[in-house]
Amino acid sequence: MESIKAPRGTRDILGDESWKWARVLEVSRGVAADFGYREVMLPIFEHTELFSRGIGDTTDVVEKEMYTFTDKGGRSITLRPELTASMMRSYLEHDMNRAAQPAKLWSWGPMFRYERPQKGRYRQFSQIDFETLGSPSPLADVETIDASMELFRRLGLSNLQVLINSVGCPECRPVYRETLKKFFSDRINDLCETCQGRFERNPLRILDCKKPGCRDLTGLAPSVTDSLCGECGAHFDAVTSGLSRIGVSVSVDNRLVRGLDYYTKTAYEILAGELGSQNAVCGGGRYDNLAEAIGGPHVPGVGFASGIDRIIITMEGQGACVGDEPKTDIFVIAAAPDAEIDAAALAHELRASGLSADMDFMGRSLKARMKQASQCGALYACIIGPDEKSSGSVAIKDMRSGEQETLPMSSAAARLSLAIGERAR
Ligand code: ATP
Ligand code: MG
């Protein structure tokens, strides 16, 4: 029988990588705390309608990428492809709009999109997601972008490029849509097939096309900035000058769009060179009409989502500081057949006093166990041989200096705690 492998587009995050994920989440948690975002944990599947209404029927995500199935109760269910719509659903469902505004929420976890798998693009991937719900202020946009950049700064990432644009609002976007259509109408045959389809349904999304032929054209297209209404123009200026005030440098990219009505004003992306064509580590912006699209009242919102898989690829590519893989402090070695249980008891006691300890229980030789101790990066080995066993003591070997001392078993944990605490200082 052929052995079963993980499904295409998924992957196992093994021990040599998972500690980096833990680190990224620890840093995210710190940023969330410093910026006042509270963590929420949301379901991995939702009613399909939340996404078809909340992301939009004409997006790639909804048109082609969703994992949708009918459950045993006949409901159409979708594995979440992103978190913003779920965050807004949760905010509305729990009447957070009645409490003091805004609600600043963050979450993280696996997302699912049926995409063509390649480096940095998977069918199951994870995102960190920060959202500020309930405030129309441009300072909320500035804070969102600052929080994402602070996250990357703390993770030691460099060479990041922040692209920013405004996609306007339902007042001014229709004007821009017409301007764009007029521009493309003479050149429709130069567009790719997908974009020819977008021309009627959603011409703004043509700007997003990565195909070289379309990019040549979109480079010449009229810029959205010239079509913004007074309010959207003022918002955009407030966001860019706010960012400049805090020293976040951004490039305006008029081709950055979200072609849907409830995405409003600010759209931004953060790119990292290390990622090749999957180069976005973060995407975000404002969505003042999302709540209404999913059946709620008017709730302005702004936020970002960042892919953890891509953060880690970028960190590895840049040799960014992730810290070190956590090591075991102490390796306990029984060097006499009847000392195995004493070794186990000592490991128990060491862990109870706050140290990390490990031991062998595969019956390896003393030599093999000493090798294990150095391989696991232990600072000390605790050896219980026949002499130690009979006198109730333990030999403690400093793995770096090679120095060894013998102590009563009862004082080993306290002595080691002190020594390891001193080293950490
Ligand atoms: P892309 O243009 O790369 O497809 P996107 O616009 O679809 O990105 P968003 O929906 O804005 O991405 O999601 C936010 C972030 O999630 C992205 O910037 C990226 O870091 C990450 N991401 C999105 N899709 C994937 C995927 N299939 N695999 C891994 N990470 C992903
Ligand atoms: Mg995508």
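This is a predicted model, so every value here is computed, not measured. Indexing begins at 1, ligand by ligand and atom by atom, following the structure's order.
Taking only nitrogen or oxygen atoms, main chain and side chain alike, Phe125 does not reach within less than 3.5 Å of ligand 1. Between Gly307 and ligand 1, a contact under 3.5 Å exists for at least one N or O pair. Every N/O-N/O distance between Asp309 and ligand 1 stays at or above 3.5 Å. Where the criterion is an N or O separation shorter than 3.5 Å, residue side chain and backbone included, Glu115 meets it with respect to ligand 1.
Residue pairs meeting the side-chain hydrogen bond (donor to acceptor under 3.5 Å, both in side chains) criterion with at least one member in residues 214-234, sequence neighbours excluded, are Thr218-Arg255, Ser223-Thr225, Ser223-Asn254, Thr225-Asn254, Glu231-Lys265.
The closest side-chain donor-acceptor pair between His298 and Asp288, if any, does not fall under 3.5 angstrom. Residues Ser356 and Asp329 have side chains that bring a donor and an acceptor to within less than 3.5 angstrom of each other. Glu131 and Thr84 share a side-chain donor-acceptor pair at under 3.5 Å.
Under a 4.0 angstrom heavy-atom cut-off, Val281 registers as being in contact with ligand 1.
Between Arg205 and Asp60, at least one side-chain N (NZ, or NE/NH1/NH2) sits under 4.0 Å from a carboxylate O, which counts as a salt bridge. With salt bridges taken as basic N to acidic carboxylate O contacts below 4.0 Å, none links Glu46 and Arg75.
Closest to atom 10 (O) of ligand 1 by heavy atom, among Gln124, Gln127, Arg113, Glu82, is Arg113.
Looking at every heavy atom in both residues, Arg113 comes nearest to Phe125 through NE-CZ, 3.5 Å.
For ligand 1 and Ala280, the ligand atoms under 4.0 Å from any heavy atom of the residue are 17 (C), 18 (O), 19 (C), 20 (O).
Contacts of Arg121 with ligand 1, taken as heavy-atom pairs under 4.0 Å, involve both backbone and side chain. Contacts between Glu269 and ligand 1, counted as non-hydrogen atom pairs separated by less than 4.0 Å, are absent for every part of the residue.
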